[in-house]
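Starting from 1, each residue takes its place in the sequence as its number. Basis for what follows: all heavy atoms, side chains included, without hydrogens, waters or symmetry-related copies.
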Amino acid sequence: TYSIYVVFIFIFLLTGTFLLVLIYPLLSDSVITALTYAYFFIPLLGVSVALSTIEMRGTIPVFSGLFLVFILMMQIF
């Protein structure tokens with residue numbers, strides 16, 4: 001059963017990748033902008049969940065500051 005799951009994941013992942021390659025040029029500018037924001041937000045959400053799970057004191061303000069500096073550097077350069 002494990003090999004069947006692997007085959008299904010591979011087939012659906014391959015099909016989805018080809019569909020995205022075909023659909024992406026057809027998207028409007030507003031959808032592309034929304035996807036760009038999601039591209040930056042999803043890793044931020046994952047790190048914030050991980051930091052709140054381990055409950056170390058002071059990690060969230062440090063991460064927020066580093067993230068802000070990183071985003072500012074990306075905008076400048």
Side-chain angles (χ1 to χ4, degrees):
T1 60
Y2 177 74
S3 59
I4 294 172
Y5 291 143
V6 171
V7 169
F8 277 139
I9 290 172
F10 179 73
I11 289 171
F12 288 123
L13 188 62
L14 193 62
T15 305
T17 302
F18 285 127
L19 285 175
L20 284 176
V21 168
L22 294 174
I23 292 172
Y24 189 76
L26 303 174
L27 297 175
S28 67
D29 289 336
S30 60
V31 174
I32 298 294
T33 303
L35 288 174
T36 303
Y37 289 141
Y39 175 76
F40 286 111
F41 178 72
I42 291 173
L44 175 65
L45 181 65
V47 171
S48 65
V49 167
L51 289 176
S52 65
T53 301
I54 58 174
E55 295 181 8
M56 289 182 63
R57 187 178 170 139
T59 55
I60 293 177
V62 169
F63 172 73
S64 299
L66 289 174
F67 185 78
L68 180 65
V69 167
F70 177 71
I71 293 297
L72 288 174
M73 295 297 279
M74 285 183 56
Q75 293 295 324
I76 292 172
F77 299 111

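Both V69 and I76 belong to a single network of hydrophobic side chains, linked directly or stepwise wherever heavy atoms of I, L, V, M, F, W or Y lie under 4.5 Å apart.
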Distance-only criterion, 3.5 Å: show the donor-acceptor pairs between side-chain atoms of residues 37-44 and protein atoms not counting sequence neighbours.
none

N/O donor to acceptor pairs below 3.5 angstrom from side-chain atoms of residues 21-32, sequence neighbours left out:
from: S28; atom 1: OG; to: S30; atom 2: OG; distance (Å): 3.2

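When hydrophobic side chains of Ile, Leu, Val, Met, Phe, Trp and Tyr are connected at separations under 4.5 Å, F12 ends up clustered with I4, F8. Grouped by direct or indirect side-chain proximity (heavy atoms under 4.5 Å, Ile/Leu/Val/Met/Phe/Trp/Tyr only), L72 sits with L68. Clustering of Ile, Leu, Val, Met, Phe, Trp and Tyr side chains at separations under 4.5 Å leaves L20 isolated, with no partner residue. Other members of the cluster containing L13 do not exist, because no ILVMFWY side chain is joined to it at under 4.5 Å.
Taking F10 as the reference, L14 meet the side-chain contact (heavy atoms from CB on, under 4.5 Å) condition, with sequence neighbours excluded. Residues satisfying the side-chain contact (heavy atoms from CB on, under 4.5 Å) test with T15, not counting sequence neighbours, are I11, L19.
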